[in-house]
There are 2 protein chains.
Amino acid sequence: MDKKVTNLLREKGFKVTPQRLAIYKILATTKAHPSAEMIFNQLQTAYPTMSLATVYKTVDILREIGMIQVLNAGEDCFRYDADTSDHPHVRCLECGRVDDLYDINFSDFVGDVAKKTPYRLTGQQFYFYGICPECQKATVN
Amino acid sequence: MDKKVTNLLREKGFKVTPQRLAIYKILATTKAHPSAEMIFNQLQTAYPTMSLATVYKTVDILREIGMIQVLNAGEDCFRYDADTSDHPHVRCLECGRVDDLYDINFSDFVGDVAKKTPYRLTGQQFYFYGICPECQKATVN
DNA sequence: TTATAATTAATAACCATTTTCCAATTATAT
DNA sequence: ATATAATTGGAAAATGGTTATTAATTATAA
């Protein structure tokens with residue numbers, strides 16, 4: 001799994017460091033779409049000397065080489081996703097978690113937009129908002 | 001056109017001021033989805049003493065009484081839209097303009113998501129990215 | 001008209017994210 | 001093993017949209 005990042009980093013002239021691999025590994029093995037700070041916190045035990053600055057610099061590089069995508073779900077920070085495929089996200093307005101939405105067909109929607117807009121489209125982001133199952137249980141409705 | 005805002009402001013216990021009407025009028029007569037600063041700049045000639053703080057407070061009130069919606073198209077600021085209907089937006093990656101997308105049917109898409117997610121959905125935002133017609137002409141491709 | 005509570009304007013302060021800085025360290029090629 | 005150029009870490013600083021503050025002003029009701 002690290003092979004691809006390793007090669008891609010080398011190809012693009014970046015050095016392969018344990019920090020970079022660790023940060024990518026976190027993103028590649030979670031579905032939580034962590035922010036820079038969440039990545040930083042998660043690395044505290046394995047890399048006690050990890051710096052937030054390194055996290056920021058690394059996610060920027062990972063985005064540049066196309067290994068991750070950057071999300072902005074209307075929060076005050078960015079989130080990072082090693083799943084670079086086009087897929088909608090849903091954010092819980094209660095606890096803030098962001099989840100993937102799988103097996104959704106939106107090609108008709110996108111096709112319709114592409115047909116009707118004079119823009120040359122290069123991408124899109126679909127964000128849904130609501131209450132996650134856990135928070136539904138927690139709150140009295 | 002101001003009638004509705006005027007009544008709604010009074011109903012909710014807010015005073016009706018020239019500033020508030022002017023800010024709403026800007027939003028109601030544009031399709032540019034201006035940010036707070038853009039509203040502020042646009043009012044400089046008509047209201048030279050307008051304060052940015054007033055713009056922020058007013059859009060907050062307008063949102064509270066349901067006369068506008070707030071957009072976050074992945075920028076570092078919010079944009080405001082007097083068209084409170086659910087509709088997708090497209091942002092030009094070159095010049096930054098944000099446009100509406102009309103006559104797009106996304107109810108199947110939304111229905112599919114609602115059926116498949118365990119979230120209780122309350123809303124959504126659809127953002128497309130690309131190059132607007134003007135910037136397509138301007139850049140050599 | 002008067003009283004009063006809300007609003008405005010201008011600026012300062014905020015504040016959390018992100019970037020910069022630089023000395024120490026480390027990956028890489030030779 | 002060595003050279004060197006990139007990277008790291010830690011803290012400090014910047015960033016820039018947004019909010020708070022306060023005296024002066026103004027909308028509203030009586």
Side-chain angles (χ1 to χ4, degrees), chain A residues 2-3 5-24 26 33-65 68 70-80 96 98, chain B residues 2-3 5-24 26 33-65 68 70-80 96 98:
Chain A
D2 290 347
K3 199 108 176 245
V5 214
T6 302
N7 290 339
L8 218 53
L9 282 171
R10 288 232 175 80
E11 266 179 44
K12 306 277 182 176
F14 295 106
K15 289 187 174 172
V16 178
T17 69
Q19 291 91 336
R20 286 174 180 170
L21 294 179
I23 289 167
Y24 177 73
I26 287 211
H33 312 85
S35 64
E37 195 170 2
M38 290 161 78
I39 296 172
F40 172 72
N41 290 334
Q42 212 169 322
L43 282 169
Q44 282 304 357
T45 45
Y47 286 81
T49 70
M50 173 66 68
S51 164
L52 240 190
T54 299
V55 176
Y56 278 106
K57 279 180 267 190
T58 298
V59 291
D60 200 48
I61 289 173
L62 291 174
R63 178 196 51 73
E64 192 182 328
I65 67 177
I68 65 171
V70 179
L71 306 183
N72 184 323
E75 298 169 292
D76 49 3
C77 65
F78 292 101
R79 285 167 176 268
Y80 306 95
V98 173
Chain B
D2 291 346
K3 199 110 177 241
V5 214
T6 302
N7 291 340
L8 217 53
L9 282 170
R10 288 233 173 79
E11 265 178 44
K12 306 277 182 175
F14 296 106
K15 290 186 174 173
V16 178
T17 69
Q19 291 91 336
R20 286 173 181 172
L21 293 179
I23 289 166
Y24 178 73
I26 288 212
H33 313 83
S35 64
E37 195 169 3
M38 291 163 77
I39 296 172
F40 173 72
N41 290 335
Q42 211 169 324
L43 283 169
Q44 282 304 356
T45 46
Y47 287 80
T49 70
M50 174 67 70
S51 165
L52 238 191
T54 300
V55 176
Y56 276 106
K57 275 181 268 189
T58 299
V59 292
D60 200 48
I61 288 172
L62 291 173
R63 179 197 51 75
E64 192 181 328
I65 67 178
I68 65 171
V70 180
L71 306 184
N72 184 324
E75 298 168 293
D76 49 4
C77 64
F78 292 101
R79 286 167 175 267
Y80 306 94
V98 173

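Residue numbering restarts at 1 for every chain, and letters A, B, ... go by the order of the sequence lines.
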Could you please name the option among C/dC21, C/dT11, C/dT8 that lies closest to any side-chain atom of A/Lys57?
C/dC21

Once hydrogens and angles are ignored, does a donor-acceptor distance under 3.5 Å link the base of D/dG10 to the side chain of A/Ser51?
yes

Residue whose closest nucleotide on DNA chain D lies nearer the 5' end, A/Thr58 versus B/Ala36:
A/Thr58

Do B/Phe14 and B/Ile65 come within less than 4.5 Å of each other through their side chains, counting heavy atoms only?
yes

Between A/Leu71 and A/Tyr80, is any pair of side-chain heavy atoms under 4.5 Å apart?
no

In whole angstrom, what separates A/Phe40's CZ from D/dA11's C1'?
12 Å

Would a 4.5 Å heavy-atom cut-off, applied to side chains only, mark B/Ile39 and B/Met50 as touching?
no

Check the phosphate of C/dA9 against B/Thr54, side-chain N and O only, distance under 4.0 Å to OP1 or OP2. Yes or no?
yes

Side-chain heavy atoms of A/Leu9 within contact of A/Ile61, under 4.5 Å
yes

Figure out the CG/P separation between A/Leu21 and D/dT8, and round it to whole Å.
10 Å

Nucleotide C/dA6, atom P - distance to CG of B/Leu9 in whole Å:
15 Å

A side-chain contact here means heavy atoms from C-beta on lying under 4.5 Å apart; do A/Thr58 and A/Thr17 qualify?
no

Using a cut-off of 4.0 Å between protein heavy atoms and nucleotide atoms, how would you tag nucleotides 24-30 of chain D 5' to 3' with B, S and -?
---BS--

Output the rounded distance in Å from CD1 (A/Ile39) to P (D/dG9).
14 Å

Rounded to the nearest Å, what distance is computed from the CE atom of residue B/Met50 to the P atom of nucleotide C/dA10?
10 Å

Considering only heavy side-chain atoms of A/Phe78, the closest of D/dG10, D/dA20, C/dT18 is C/dT18

Between A/Asp60 and A/Lys57, does at least one N-O distance fall below 4.0 Å, as a salt bridge requires?
no

Would you indicate, yes or no, if D/dT18 has its OP1 or OP2 atom less than 4.0 angstrom from a side-chain nitrogen or oxygen of B/Tyr56?
yes

Here the distance between atom P of C/dT17 and atom CE of A/Met38, to the nearest Å, is 12 Å

Atom CD1 of B/Ile61 and atom C1' of C/dT8: how far apart are they, to the nearest Å?
11 Å

Go nucleotide by nucleotide along DNA chain D from the 5' end; which of A/Leu52 and B/Cys77 gets its closest nucleotide reached first?
A/Leu52

Under 3.5 Å: donor-acceptor pair, side chain of A/Arg20, backbone of A/Lys15:
yes

D/dT18 P sits how many Å from B/Glu37 CD, rounded?
9 Å

